[in-house]
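Please see the structure below; I have some questions.
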Amino acid sequence: MEFVRTFQDIFAHLFHPRRSNNHRARLIHPESIFLLVLVAGGFVALLHLFIGLSGPSKKILGFASSITPKEVIAATNDQRSKMGLPPLALNQALTEAAIAKGQDMFSDQYWAHTAPDGTEPWVFMRQAGYSYRVAGENLARDFSETPAMMTAWMASPTHRANIVNPQYSEIGIAVIDGVLEGYETTLVVQMFGAPEGRQAAVPEVPTVRTVQATEPVNTTTGLDQPVAEKSGVEDLAALETNGDDEPEATAGGEETAATDEELVASISNVLTQGVLASMLVPIGEIETPPLFTPLQLTKAFFLAVIMLIILTLIYDTFVIGNRQSTRLVGRNLAHIILFLTVAFLVVFFKGGIVG
Amino acid sequence: MLREFSKHKLSYSILVVVLLLGVLAFLAAWPDRASQRLISVAIAMFYILWGIIFHVNIKQISRKVVLEYLGVGILAGVLLVLVTL
């Protein structure tokens, strides 16, 4: 009974304006507010400590956020260097295209290279202002670590072909958190390209060529790329590059004199083989989705703190309003407006890191 | 609360408009988290300044009031910065 009375007293002291708290809920005194700053900082520190200690195999938190664009680029270039290929340079326009693609998948709730409305990955590249000679896209989701994701990509022939494609010189990466098909996940969008008007320095890598020549062409992505949209000069450049350096890549057709029609067909073929859209990595094969992400937990905790403060401020306003007493304190209405703004930003803050 | 708002229309309008601009800037800055953190700090600093200027204008300033706005502003800024980590 004594315990209940003590608890009631503490509760009233914290939330109810009375003499013991100088007629202002203790929770909204400056000292308590500063204490809440420490509590919020401590929560985030503990959360990150827990993530670090528990390791990536646990299924409680969303460890997918440990993937960073920097790591993905490094791992990609590592694979290329093993094949004797030059590293890919990070391109801002390709990165913007990758971000746009990731956002589009979250907003339209799909998981595919082609959007439900038929939008191809290349549309995002063009919208980002990236003019390409050849381009490709890899996707991944639900991975906790970059090495595991890279291993899965390299195990898939079409993904591997993109990563070690000697024609590509640039890359764009997006690592985006969001809710897809009912739970929060991390999407990784990898976009490759070789800019128009620049000859790719294709080194002699026979194994890569074999992969390209024998790889079944994804006709959807390749043939839907309208040849008419590209200028003749750039198409010829693509054809010449392949004709000189990779005769087997264009050897699928008959060997006849190059009429205009055949030239267009050859160009289409070359572009098709350059645009290697990849297979999707099945979710189940990779990892069970985590229960929570660190971002979700942080948001939930912060919103709880904010709501507690807002409710206390509202209660304090009404109690003091009824008493018709005057206090020399900050304005509750202003505090409420500020904390509502913060709550809005916390709710609508989008995770994901790009670089 | 409505009485309080109508009593200081100009001050609260400035507060609401600047916070709305802050929200728009914060959302537009995505995915640049560094910019979002800067905007968070700017929002917090603006609020502290707004509070002090408001209380100076109505001649109800005290050390405790300044501390209160400092605390509330810092808490808001810290929450926004931490969520972007």
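All heavy atoms count here, side chains included; hydrogens, waters and symmetry mates do not. Convention: sequence-line order gives letters A, B, ...; per-chain numbering from 1.
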query = If you look only at pairs with a residue in residues 305-328 of chain A, which of them pass as a ring-ring contact (aromatic ring centres under 6.0 Å, His included), with sequence neighbours excluded?
reply = A/H16-A/Y315
key: CZ on A/F344 to CG on B/L27, rounded to 0.5 Å   =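 Those atoms lie 6.0 Å apart.
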query = Checking B/I52 against chain A: side chain, backbone, both or neither under 4.5 Å from a heavy atom?
reply =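 Contact with chain A: none, neither part.
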Winner by heavy-atom pair count (cut-off under 4.5 Å) against chain A, out of B/V78, B/L85, B/L75 = B/L75
inquiry  = Does atom CE (B/M45) have a neighbourhood of more than 12 heavy atoms from anything else shown, all under 6.0 Å?
reply    = no
Which atoms of B/F5 approach chain A - backbone, side chain, both or neither, heavy atom under 4.5 Å = both
remark   = So CG of B/L79 and CD1 of A/I309: to nearest 0.5 Å the spacing works out to 7.0 Å
key: A/H335 backbone acceptor or donor facing B/Y47 side chain under 3.5 Å   = yes
query = With side chains defined as the heavy atoms from C-beta onward, is the minimum distance between B/I43 and A/L345 less than 4.5 Å?
reply = yes
ask   = What part of A/I314 gets closer than 4.5 Å to chain B, counting heavy atoms only: side chain, backbone, both or neither?
value =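 It is both, since atoms from each part get that close.
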query = With side chains defined as the heavy atoms from C-beta onward, is the minimum distance between B/F26 and A/F348 less than 4.5 Å?
reply = no
ask   = What part of A/V329 lies closer than 4.5 angstrom to a heavy atom of chain B: side chain, backbone, both or neither?
value =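 For A/V329, the contact with chain B is made by backbone and side chain together.
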note = When rounded to the nearest 0.5 Å, the distance separating OG1 of A/T298 from CG of B/L82 is 8.0 Å
task = Using non-hydrogen atoms and a 4.5 Å limit, figure out which bit of B/L15 sits close to chain A: side chain, backbone, both or neither.
result = side chain
task = Work out which heavy atom in A/K299 is nearest to a heavy atom in B/V83; give both atom names and the distance.
result = CG-CG2, 4.1 Å
query = A/I28, A/I306, A/V37: which one forms the most heavy-atom pairs within less than 4.5 Å of chain B?
reply = A/V37
Heavy-atom pairs under 4.5 Å with chain B, option from A/N332, A/V305, A/I336, A/L328 with the top count =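 Among the listed options, the one with the most contacts to chain B is A/L328.
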inquiry  = Report, in residue-number order, which members of residues 63-72 of chain B are under 4.5 Å from chain A by heavy-atom distance.
reply    = B/K64, B/V65, B/L67, B/E68, B/Y69, B/L70, B/G71, B/V72
query = Given the options A/L338, A/T341, A/T317, which has more heavy-atom pairs under 4.5 Å with chain B than any of the others?
reply =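 Among A/L338, A/T341, A/T317, the one with the most close pairs to chain B is A/L338.
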key: Heavy-atom closest pair, residues A/I337 and B/Y12   =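 What the structure gives for the nearest pair is CD1-CD2, 4.1 Å.
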query = Using non-hydrogen atoms only, which part of B/S40 is less than 4.5 Å away from chain A: side chain, backbone, both, or neither?
reply = neither
ask   = Can you tell me how far CG of A/L36 sits from CD1 of B/I74, rounded to the nearest 0.5 angstrom?
value =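 Atom-to-atom, B/I74:CD1 and A/L36:CG are 12.5 Å apart.
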task = Among A/F302, A/F339, A/F34, single out the residue with the greatest number of heavy-atom pairs under 4.5 Å to chain B.
result =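 Heavy-atom pair counts peak at A/F302.
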